[in-house]
Enquirer: 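Just passing along the structure, written as structure tokens.
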Amino acid sequence: MNFEEMQIMWQSPEANAKVTIDADVLLKEIRRNQQYFKAVIFRRDALEVGTSVVMTAGFLVWGWFWHWWSLYLLALACLVVGTFFVVDRRRQRGKGPVNNDSLHACIAASLGHVQHQIWLLKNIFWWYLLPPSIGLAAVTAQLVWSVRGAGPAIMIVLGSVLTVIFSGTYWFVYRINQRAVRSELEPRRQELEELLTSLK
Amino acid sequence: MTAQEQETIFRRWLEQHAGIMWKVVRGCTGVPQDQEDLFQDVLLQVWSSIPAFRGEAKETTWIYRVAFNTALAWRRGERRRRERHETFLKFDLSPQSQPGHTDSLEAQEMVERLYAAIRQLQKVDASLALMHLDGRTYQEMAEVLGISENYIGVKLNRIRRQLADQLKGATHEL
């Protein structure tokens with residue numbers, strides 16, 4: 001059998017299983033899924049921005065009631081992180097892959113998107129962990145200072161416990177993000193680079 | 001574009017081009033559950049792409065692009081967290097109902113082997129193989145992939161050889 005005969009066989013209806021689509025049921029499913037995806041994206045955005053807004057407001061109110069300047073610093077740090085989320089999301093909007101583009105364009109856009117995700121996670125310390133850590137360091141210092149009447153031993157213990165808790169949490173957050181880069185994003189980037197190379 | 005217009009186009013595309021989408025899906029995965037999952041993804045993406053369709057590209061070119069791009073982004077075993085409430089797909093796998101069913105059965109087996117061979121190719125090559133078997137022109141393949149027609153020719157020669165190697169015994173002179 002030569003290739004032309006193969007093509008004829010490939011295109012013949014007898015050689016292919018007959019697929020029947022119930023268009024009404026499908027449209028119902030598609031609409032349901034679209035609503036679901038919209039709700040997921042809205043929830044994700046609302047969670048990211050909402051958390052930042054609530055924490056900023058919470059620390060501001062807390063600082064105002066306690067008269068602790070360090071809590072204002074923490075509120076500012078939460079605002080910085082939240083603003084970064086929003087600005088980054090807006091800057092990336094429109095840069096993502098468009099499904100009706102050619103394969104080459106779509107793969108290139110996907111690669112750009114993955115590279116940006118890798119950049120974000122590799123630099124998570126600078127934009128996500130560092131700003132709150134400055135605020136947390138200030139809060140810890142002020143808290144330790146506030147118990148100075150109990151003696152230096154209590155101050156040292158309290159300071160050490162809080163430092164260990166915050167450092168442990170930071171280490172954990174940093175590590176899981178670096179693991180996500182290694183196990184998910186880097187293989188995906190490699191795969192997309194190979195696909196792009198195969199189109200050159 | 002109104003929702004009604006979108007629905008009209010989608011229904012027409014389903015009627016005329018569902019076979020293209022289904023072939024792309026089968027060329028990507030041989031696992032029935034994955035096929036249904038990916039097929040639903042492709043249909044969803046095709047539906048979402050309709051408002052952007054201005055008729056500048058052929059309908060088939062557009063559908064190939066959306067289907068291939070969806071298939072490339074799709075990850076095996078990655079189940080989208082969505083509920084499927086009703087089945088919209090029905091498969092008729094029995095050639096016995098057709099006249100000359102022995103020939104049909106052989107043809108089906110051959111096509112199955114061809115799909116298996118296509119799935120062994122690199123993803124981009126698999127895309128080309130599917131379009132080539134469907135009898136698409138070099139120009140259309142170039143538009144779908146975003147590469148030159150000359151390069152399509154070079155790639156197709158290699159793909160034919162690879163398919164021939166994998167189908168040795170079943171066919172010759174590919």
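Scope of the values below: all heavy atoms of this structure, side chains included, with no hydrogens, waters or symmetry mates. Below, read A as the first sequence line, B as the second, and so on, with proteins coming before strands; counting in each chain starts at 1. Values in this document were obtained by computation on a predicted structure and should not be read as measured data.
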Enquirer: Mind checking the CG-CG spacing from B/Asn69 to A/Leu103? Nearest 0.5 Å is all I need.
Expert: 5.0 Å
Enquirer: Quick check on B/Glu15: does its CD atom have over 12 non-hydrogen neighbours (other residues, nucleotides or ligands) under 6.0 Å away?
Expert: no
Enquirer: Counting N and O atoms only, with roles assigned by atom type, does the side chain of B/Gln122 sit under 3.5 Å from a partner on the main chain of A/Ser198, one being a donor and the other an acceptor?
Expert: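 Answer holds: no.
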Enquirer: Identify the heavy atoms of A/Ala23 and B/Arg11 that sit nearest to each other, and give their distance.
Expert: CB-NH1, 3.5 Å
Enquirer: Within a radius of less than 6.0 Å around CH2 of A/Trp127, do more than 12 heavy atoms belonging to other residues, nucleotides or ligands occur?
Expert: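 Counting neighbours around CH2 of A/Trp127, more than 12 heavy atoms of other residues, nucleotides or ligands fall under 6.0 Å, so yes.
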Enquirer: Any chance CD of A/Gln190 has more than 12 other-residue heavy atoms, nucleotides or ligands included, within less than 6.0 Å?
Expert: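 No, CD of A/Gln190 has 12 or fewer neighbouring heavy atoms, counting only those of other groups under 6.0 Å.
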Enquirer: Please classify the contact between B/Tyr64 and chain A as side chain, backbone, both or neither, with a heavy-atom cut-off of under 4.5 Å.
Expert: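 Interface part for B/Tyr64: neither.
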Enquirer: Can you tell me which portion of B/Ile147 sits under 4.5 Å from chain A's heavy atoms? Options are side chain, backbone, both or neither.
Expert: side chain
Enquirer: About how many Å separate CD1 of B/Ile118 and CH2 of A/Trp10, when rounded to the nearest 0.5 Å?
Expert: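 If I round to the nearest 0.5 Å, the distance is 4.0 Å.
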Enquirer: Select, from A/Asp24, A/Ile8, A/Leu192, the one with the greatest count of heavy-atom pairs under 4.5 Å involving chain B.
Expert: A/Asp24
Enquirer: Could you check if a side-chain atom of A/Ser102 sits within less than 4.5 angstrom of a side-chain atom of B/Arg65, using non-hydrogen atoms only?
Expert: yes
Enquirer: Just verifying a value: how many Å separate B/Ser127 OG and A/Leu195 CG, rounded to the nearest 0.5 Å?
Expert: 8.5 Å
Enquirer: Using modelled atom types and a 3.5 Å cut-off, is there a donor and acceptor pairing between side-chain atoms of A/Asn99 and backbone atoms of B/Ala67?
Expert: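 No: the side chain of A/Asn99 does not pair with the backbone of B/Ala67.
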Enquirer: Are B/Val111 and A/Met9 close enough that some pair of their side-chain heavy atoms sits under 4.5 Å apart?
Expert: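 Side chain of B/Val111 against side chain of A/Met9, heavy atoms only: contact under 4.5 Å found.
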Enquirer: Step through the shown structure and confirm whether more than 12 heavy atoms of other residues, nucleotides or ligands are within 6.0 Å of OH on A/Tyr128.
Expert: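 Open: at most 12 neighbouring heavy atoms sit under 6.0 Å from OH of A/Tyr128.
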Enquirer: Are any of the side-chain heavy atoms of B/Glu7 and A/Leu27 separated by less than 4.5 Å?
Expert: yes
Enquirer: Hey, are the side chains of A/Ile21 and B/Phe39 touching, using non-hydrogen atoms and a 4.5 Å cut-off?
Expert: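 Counting from C-beta outward, A/Ile21 and B/Phe39 do come under 4.5 Å.
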Enquirer: To the nearest 0.5 Å, what is the distance between CH2 on B/Trp47 and CD on A/Glu29?
Expert: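 Between atom CH2 of B/Trp47 and atom CD of A/Glu29 there are 13.5 Å.
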Enquirer: Check whether A/Glu194 gets within reach of chain B through its side chain, its backbone, both or neither, counting any heavy atom under 4.5 Å.
Expert: neither
Enquirer: Do B/Leu133 and A/Gln11 come within less than 4.5 Å of each other through their side chains, counting heavy atoms only?
Expert: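 Heavy-atom side-chain distance check fails, nothing below 4.5 Å.
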Enquirer: Which bit of A/Ile30 comes within less than 4.5 Å of chain B, counting heavy atoms only: side chain, backbone, both or neither?
Expert: both
Enquirer: Is it the case that atom CZ in A/Arg179 sees more than 12 heavy atoms from other parts of the structure closer than 6.0 Å?
Expert: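 Counting other residues, nucleotides and ligands, CZ of A/Arg179 stays at 12 neighbours or fewer.
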Enquirer: Are more than 12 heavy atoms, taken from residues, nucleotides or ligands other than A/Met155, located less than 6.0 Å from that residue's CE atom?
Expert: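 Correct, the count exceeds 12.
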Enquirer: Quick check on A/Arg175: does its CZ atom have over 12 non-hydrogen neighbours (other residues, nucleotides or ligands) under 6.0 Å away?
Expert: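 No.
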Enquirer: Please examine the side chains of A/Glu5 and B/Met110, heavy atoms only from C-beta on, and report whether any two atoms are closer than 4.5 Å.
Expert: no
Enquirer: When rounded to the nearest 0.5 angstrom, what distance separates NZ in B/Lys123 from CD in A/Glu191?
Expert: 4.0 Å
Enquirer: Could you check if a side-chain atom of B/Phe53 sits within less than 4.5 angstrom of a side-chain atom of A/Asn100, using non-hydrogen atoms only?
Expert: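 Result no, sub-4.5 Å side-chain heavy-atom pair not found.
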Enquirer: Would you indicate whether B/His17, at its atom NE2, is surrounded by more than 12 heavy atoms from other residues, nucleotides or ligands within a distance under 6.0 Å?
Expert: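 Count over threshold, so yes.
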